[in-house]
Number of protein chains: 2
Amino acid sequence: MENSQKALVLLRQIIRSTDMQVKEISSRTGLTPPQLMVMQTLRESGQLTSGELAKEIVLTQATVTSILDRLEKKELVARERGTNDKRKVWVSLTDEGADLMKGAPTTQQDIFLRHFDDIQDWEQSMVVASLERVAFMLNAQHLNAAPVLDIGQLDREQNEDLEI
Amino acid sequence: MENSQKALVLLRQIIRSTDMQVKEISSRTGLTPPQLMVMQTLRESGQLTSGELAKEIVLTQATVTSILDRLEKKELVARERGTNDKRKVWVSLTDEGADLMKGAPTTQQDIFLRHFDDIQDWEQSMVVASLERVAFMLNAQHLNAAPVLDIGQLDREQNEDLEI
DNA sequence: ATTATTTAATTTGTAATGCAAACAAATACT
DNA sequence: AGTATTTGTTTGCATTACAAATTAAATAAT
């Protein structure tokens with residue numbers, strides 16, 4: 001098999017594997033995948049406004065609002081109106097929410113890290129370098145998307161958005 | 001930053017990038033992500049029964065049924081009752097559906113491949129080896145989490161190639 | 001052969017995403 | 001002041017996703 005084909009198959013395996021882990025952690029915590037994503041983001045970033053949260057996980061504000069409604073009802077997150085700018089709504093994990101996230105959710109990373117730490121130093125560097133390569137190729141692909149595709153469909157898609 | 005942390009961040013980038021590409025292709029083809037996944041699977045595997053399809057994309061039959069309902073209404077897939085075993089329902093792309101999938105959907109791979117082909121041979125090998133490493137680490141992690149996965153399935157899936 | 005069990009897919013009912021559009025409130029701009 | 005923009009919510013709608021119940025067909029058991 002070609003190297004390129006191998007790479008694609010492996011990528012798909014990685015994606016799928018990660019996806020299934022997300023589902024597993026979700027069911028273990030009693031959260032849906034989007035809810036889990038919100039919780040993880042909050043754990044990492046601490047306090048965020050609803051809008052920042054939406055941007056971070058690439059969903060509409062409306063969608064995030066409804067997700068937060070349910071998490072708030074479960075008392076896993078708390079909303080607090082900004083005192084300075086009263087339009088803003090600051091969202092954070094409650095103690096209960098932080099507790100929940102302390103348990104299962106890290107396991108995904110933990111087990112990966114345990115394996116990762118087991119391999120040789122040079123191999124770690126190799127893996128990182130390769131992932132950088134792949135990320136770049138995928139990312140370039142995203143930034144390039146419109147010009148190359150040009151399926152003649154509707155929009156022209158200006159690609160000014162850069163991130164990393 | 002630690003190698004392991006770098007690896008995790010990169011992995012997340014890769015996942016996110018892929019996710020956004022899926023969304024992009026979806027909106028371009030006028031399909032939802034799950035619908036796209038069904039279409040892609042059908043394009044690859046040709047004719048499948050509803051149940052095989054569900055297993056392949058890891059969703060319930062009930063869910064697949066409703067997705068197929070909509071794809072059938074758009075005349076992108078066709079359902080045909082099995083003549084031999086009349087319980088089975090064979091699903092396949094219509095000409096229209098195949099046409100739609102001929103356009104954008106492959107581009108994801110195409111652009112990646114173009115970049116991939118550009119890099120040196122030794123680097124390709126390195127990337128593949130690294131992805132194998134990562135896939136293994138993620139996989140082991142998954143197998144750890146869900147101890148035993150239904151042995152009955154393995155019997156039935158002797159013809160299946162890459163399933164984890 | 002008749003009954004029971006299993007298999008394959010659908011139907012039903014319910015919760016949750018996800019978005020666009022409309023909306024309200026606070027802030028910024030001129 | 002008066003208008004525009006930002007921030008978040010609400011509303012309405014299509015879709016996903018699943019469990020449980022259901023239908024129909026095939027297979028097993030007695």
Side-chain angles (χ1 to χ4, degrees), chain A residues 19-20 22-39 41 47-74 76-92 154-155, chain B residues 19-20 22-39 41 47-74 76-92 150 152-153 155-157:
Chain A
D19 187 55
M20 292 177 68
V22 166
K23 285 185 185 172
E24 197 175 280
I25 296 175
S26 295
S27 73
R28 185 170 303 165
T29 52
L31 299 172
T32 63
Q35 286 170 2
L36 179 61
M37 196 170 300
V38 165
M39 297 289 288
T41 303
Q47 222 175 22
L48 286 177
T49 68
S50 179
E52 289 167 344
L53 197 52
K55 218 168 271 170
E56 186 70 21
I57 60 182
V58 197
L59 290 178
T60 318
Q61 272 202 354
T63 301
V64 169
T65 293
S66 79
I67 295 173
L68 288 178
D69 285 343
R70 289 177 203 98
L71 289 176
E72 198 180 25
K73 194 178 294 176
K74 294 188 205 169
L76 297 175
V77 307
R79 281 196 256 215
E80 191 186 353
R81 255 227 112 117
T83 54
N84 192 355
D85 185 339
K86 288 173 198 156
R87 292 169 304 180
K88 295 185 177 175
V89 167
W90 294 93
V91 189
S92 57
L154 8 141
D155 58 359
Chain B
D19 188 54
M20 292 178 68
V22 166
K23 285 185 185 173
E24 195 175 281
I25 296 174
S26 295
S27 74
R28 188 165 300 166
T29 52
L31 298 171
T32 64
Q35 286 169 2
L36 180 62
M37 196 171 299
V38 166
M39 296 289 288
T41 304
Q47 224 176 21
L48 286 176
T49 68
S50 180
E52 288 166 345
L53 197 52
K55 219 168 271 170
E56 185 71 22
I57 60 183
V58 197
L59 290 178
T60 319
Q61 272 200 355
T63 301
V64 169
T65 294
S66 79
I67 295 174
L68 288 178
D69 285 344
R70 288 175 205 99
L71 289 176
E72 196 180 27
K73 194 178 293 177
K74 295 188 205 173
L76 297 176
V77 307
R79 280 196 257 214
E80 192 185 353
R81 272 233 113 89
T83 54
N84 192 355
D85 185 338
K86 288 174 200 157
R87 292 170 305 179
K88 295 185 177 173
V89 166
W90 293 94
V91 188
S92 58
D150 191 358
Q153 284 191 4
D155 281 340
R156 232 173 299 114
E157 280 178 358

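The chains referred to below are lettered A, B, ... by the order of the sequence lines, with proteins before strands, and numbering in each begins at 1.
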Between [N] and [X], is there an OP1 or OP2 to side-chain N/O distance shorter than 4.0 Å?
X	N	result
B:Gln61	C:dA8	no
A:Arg70	C:dT17	yes
A:Ser50	D:dT9	yes
A:Thr32	D:dA17	no

Minimum side-chain heavy-atom gap [X]-[Y] below 4.5 Å:
X	Y	answer
B:Arg79	B:Asp69	yes
A:Leu68	A:Leu53	yes
B:Leu71	B:Leu31	yes
B:Ser26	B:Val22	yes

Once you round it to whole Å, what is the distance between [atom2] of [N] and [atom1] of [X]?
X	N	atom1	atom2	answer
B:Leu31	C:dG18	CG	P	17 Å
A:Lys73	C:dA15	NZ	P	10 Å
B:Gln35	C:dG18	CD	C1'	13 Å
B:Lys55	D:dC18	NZ	C1'	17 Å
B:Leu59	C:dT10	CG	P	14 Å
B:Arg79	D:dA24	CZ	C1'	16 Å
A:Arg81	D:dG8	CZ	C1'	6 Å
A:Glu72	D:dT10	CD	P	10 Å

Which one, [options], comes nearest to the side chain of [X]?
X	options	answer
B:Thr60	C:dA9, D:dC18, D:dT9	D:dC18
B:Pro34	C:dA9, D:dG8, D:dT16	D:dT16
A:Ile67	C:dA20, C:dT10, C:dG18	C:dG18

Counting heavy atoms not belonging to [X], are there more than 12 under 6.0 Å from its [atom1]?
X	atom1	value
B:Glu80	CD	no
B:Lys74	NZ	yes
B:Met39	CE	yes

Using a cut-off of 4.0 Å on non-hydrogen atoms, how would the nucleic acid contact of [X] be classed: base, sugar-phosphate, or nothing?
X	value
B:Ser66	nothing
B:Thr65	base
B:Thr63	base

| said: Please give me the minimum heavy-atom distance between A:Ile67 and A:Gln35, naming the atom from each residue. | reply: CG2-CG, 3.9 Å
Between protein and nucleic acid, restricted to nucleotides 27-30 of chain C and to nitrogen or oxygen atoms under 3.5 Å apart, what atom pairs and distances do you find?
unit_1 : atom_1 : unit_2  : atom_2 : d
C:dT27 : OP1    : A:Asn84 : O      : 3.0
C:dT27 : OP1    : A:Lys86 : N      : 3.3

| said: Return whichever of A:Asp69 or A:Lys23 has its heavy-atom-nearest nucleotide of DNA chain D closer to the 5' end. | reply: A:Asp69
